[in-house]
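Given the structure is predicted, the values throughout are model-derived calculations rather than measurements. Values below: all heavy atoms of this structure, side chains included; hydrogens, waters and symmetry mates excluded.
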2 protein chains.
Amino acid sequence: MVKAQDTETQILDAARRVFIRKGLSGARMQEIADEAGINKALLHYYFRSKEKLFDVILRETFAKIFPSLPDLMINPQLTFRESLTKFVDGYITAIQHNPFLPAFVINEINQNPDKIAQVFETIGFDGAKIKQVQEVLPQRLGLSKEKTREVIVTVISLCVFPFVGKPVLKTLLFDNDDKAFEAFLEERKARVVEIAMSMIQS
Amino acid sequence: MVKAQDTETQILDAARRVFIRKGLSGARMQEIADEAGINKALLHYYFRSKEKLFDVILRETFAKIFPSLPDLMINPQLTFRESLTKFVDGYITAIQHNPFLPAFVINEINQNPDKIAQVFETIGFDGAKIKQVQEVLPQRLGLSKEKTREVIVTVISLCVFPFVGKPVLKTLLFDNDDKAFEAFLEERKARVVEIAMSMIQS
DNA sequence: AATTATTTTAACCATATGGTTAATTTACTG
DNA sequence: CAGTAAATTAACCATATGGTTAAAATAATT
């Protein structure tokens, strides 16, 4: 049983790469097996079916892409501005390391919205925690529930969209210059905080 | 030849629905044929292959989702605020009528970024027009090229992201209340303008 | 009406694909 | 080391899938 854990990990690594690149319907079990350097039957031996394997990856990816939003409010040692800066910085940096995750999640969730409930539970975002976010954050910001939602949607939109829209934005605004686009994302971290703060003050 | 045009339209209507719902790899020629109420061979008779049919839909969809950005600057009778309001309003409304287009475009373009050049040309966004946007708009706003990009990315992010992130946002912030989410989008039209304007003034 | 051209369909075809199985190899245990 | 359990593989299988074809139906032309 020395190789068991190892094989499982190899499969997950390969599956992650292939699923994120091609999506559920675009991925091929044979391709995953090849990329893992193992026999295709092993995929079923360890994970039973394509769907099951996919679900593991989807949940795992979800966990990566939903950083602890609660951190935004739970830490009372920091001012809100500091919390927000930390959040935006960490979030954009995380996506920079996995730039294809957002498009992957968006696509698969839109394809199968019913999965969202289970997936959220898997990562510990149950109803209780959701309510917590919905109630504690407005209190801390001294804003209405509605206004708080505005701020959250704004922050997330600004952090995530540039990554999913990258091919188009790069073509339209950056003359396909990768370096320039990366630099832009870097500057954005501070800018997003400014935009959000100005919403709160007004 | 009375039915020719009609059949072609029926195929396109069906293909649009299926491709946008399932994407290129998820769509099935048989499903498109069934939805169009015709024999599968007709799909190939009219459009040769799945890819060719898909490309027609992708280009068409692209045209829908890239409204005349140039309008933002060409019309000098309006103040910039008025232009922007018109743009944001029109853009969000357009997406409201086709809420799945953004996720579709994002997914397919990320899957195949090389297609972006041809697709852009098809809708008349050639190099010349792109340069025009990049140069005229900063001039009109009295901002640097960089700052102008910030504003554009912000506006597009804020307009588009809520639609692609809808399942997640609805669960997380709106207790899955569709009505509430729609109302939020409606309010957003004005809010997005405010955010963009405050960026310009500072 | 007869002939020709176009449109439509049913039946196929080759291949791809997710999944299974029986046998083989490797690792573990007494 | 023999025997058992777990891991791995090659060969299959049933079905789905994009695409083709030859014949039938419909429309256009003379």
Side-chain angles (χ1 to χ4, degrees), chain A residues 1-61 104 107-108 111-112 114-115 118-119, chain B residues 1-61 104 107-108 111-112 114-115 118-119:
Chain A
M1 268 202 291
V2 159
K3 282 216 151 181
Q5 177 62 17
D6 198 48
T7 301
E8 204 171 314
T9 307
Q10 269 177 285
I11 292 175
L12 286 172
D13 287 346
R16 196 175 303 121
R17 286 194 294 273
V18 175
F19 277 134
I20 286 177
R21 205 180 328 126
K22 313 237 176 138
L24 171 57
S25 61
R28 297 289 165 249
M29 292 298 265
Q30 189 59 59
E31 189 181 352
I32 295 175
D34 291 348
E35 192 135 341
I38 54 153
N39 188 283
K40 180 167 67 100
L42 275 187
L43 300 181
H44 293 93
Y45 181 78
Y46 283 94
F47 296 94
R48 296 198 68 87
S49 72
K50 188 186 184 185
E51 310 279 329
K52 292 252 173 50
L53 177 55
F54 176 78
D55 278 354
V56 173
I57 299 298
L58 184 65
R59 282 156 203 267
E60 176 204 286
T61 304
F104 169 72
N107 184 44
E108 301 300 335
Q111 211 90 139
N112 213 334
D114 0 316
K115 274 188 183 167
Q118 345 157 1
V119 175
Chain B
M1 268 202 293
V2 159
K3 281 213 153 182
Q5 176 63 15
D6 198 49
T7 301
E8 203 170 315
T9 306
Q10 268 177 285
I11 292 176
L12 286 173
D13 287 345
R16 196 176 304 120
R17 284 194 295 272
V18 175
F19 277 134
I20 286 177
R21 204 182 328 130
K22 312 235 173 139
L24 171 58
S25 61
R28 297 290 165 250
M29 293 298 264
Q30 188 60 59
E31 191 182 349
I32 295 175
D34 290 348
E35 192 135 340
I38 53 152
N39 190 280
K40 181 166 66 99
L42 274 186
L43 301 181
H44 294 94
Y45 180 78
Y46 281 95
F47 295 94
R48 294 199 69 87
S49 72
K50 189 186 183 187
E51 310 279 329
K52 291 250 171 54
L53 176 55
F54 176 78
D55 278 354
V56 173
I57 299 297
L58 184 66
R59 282 155 204 267
E60 175 204 285
T61 305
F104 169 73
N107 183 45
E108 301 301 336
Q111 213 90 137
N112 213 334
D114 359 317
K115 273 187 182 167
Q118 344 156 4
V119 175

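Rounded to an integer number of Å, the gap from A:Tyr46 OH to D:dA6 C1' is 8 Å. The CD1-C1' distance, from B:Ile11 to C:dT8, rounds to 11 Å in whole Å. Rounded to a whole Å, the CD atom of A:Gln10 is 12 Å from the C1' atom of D:dT8. As a whole-Å value, the separation of A:Leu43 CG from D:dA7 P is 15 Å. Rounded to whole Å, atom P of C:dC12 lies 14 Å from atom NZ of B:Lys40. Between B:His44 atom NE2 and C:dC12 atom P the separation is 19 Å, expressed in whole Å. The distance between atom CG of A:Leu42 and atom C1' of D:dT9, rounded to the nearest whole Å, is 8 Å.
Here the two rings, on A:Phe19 and A:Phe54, have centers that are under 6.0 Å apart.
Residue A:Tyr45 has no polar side-chain atom (N or O) positioned under 4.0 Å from OP1 or OP2 of D:dA6.
A heavy atom lying under 4.0 Å from DNA chain D marks the following residues of residues 17-34 of chain B, by number: B:Ala27, B:Arg28, B:Met29. Within residues 51-60 of chain A, no residue is approached by DNA chain C to less than 4.0 Å at the level of any non-hydrogen atom.
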Worksheet item: So B:Asp55 and B:Val119, side-chain contact (heavy atoms from CB on, under 4.5 Å) or not? Walk me through it.
Response: CA-CA 9 Å; B:Asp55 278 354; B:Val119 175; over 6 Å; no
Practice prompt. May I have the step-by-step check of side-chain contact (heavy atoms from CB on, under 4.5 Å) for A:Leu53 and A:Tyr46, ending in yes or no?
Written response: CA-CA 9 Å; A:Leu53 177 55; A:Tyr46 283 94; over 6 Å; no
Item to complete: Decide side-chain contact (heavy atoms from CB on, under 4.5 Å) for A:Glu51 and A:Leu24; before the verdict, give the C-alpha distance in whole Å, the side-chain angles of both, and the deciding distance to 0.1 Å.
Response: CA-CA 8 Å; A:Glu51 310 279 329; A:Leu24 171 57; 4.2 Å; yes
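By the salt bridge (charged side-chain N to carboxylate O under 4.0 Å, His left out) test, A:Lys52 is found to be paired with no residue, residues two or more places apart in sequence or in another chain being considered.
Considering only the side chain of A:Asn39, D:dA10 comes nearest among D:dG19, C:dT7, D:dA10. Ranking D:dG19, D:dT8, C:dT20 by closeness to the A:Thr7 side chain, first place goes to D:dT8. Closest to the side chain of B:Lys50, from the set D:dA10, D:dT20, D:dG19, is D:dG19.
None of A:Arg21, A:Arg17, A:Lys40 except one satisfies the side-chain contact (heavy atoms from CB on, under 4.5 Å) rule with A:Glu31; the exception is A:Arg21.
Taking 4.0 Å as the cut-off between side-chain N and carboxylate O, A:Glu108 and A:Lys115 do not count as a salt-bridged pair.
In this structure, A:Met29 and A:His44 have side chains that are in contact, with non-hydrogen atoms separated by less than 4.5 Å.
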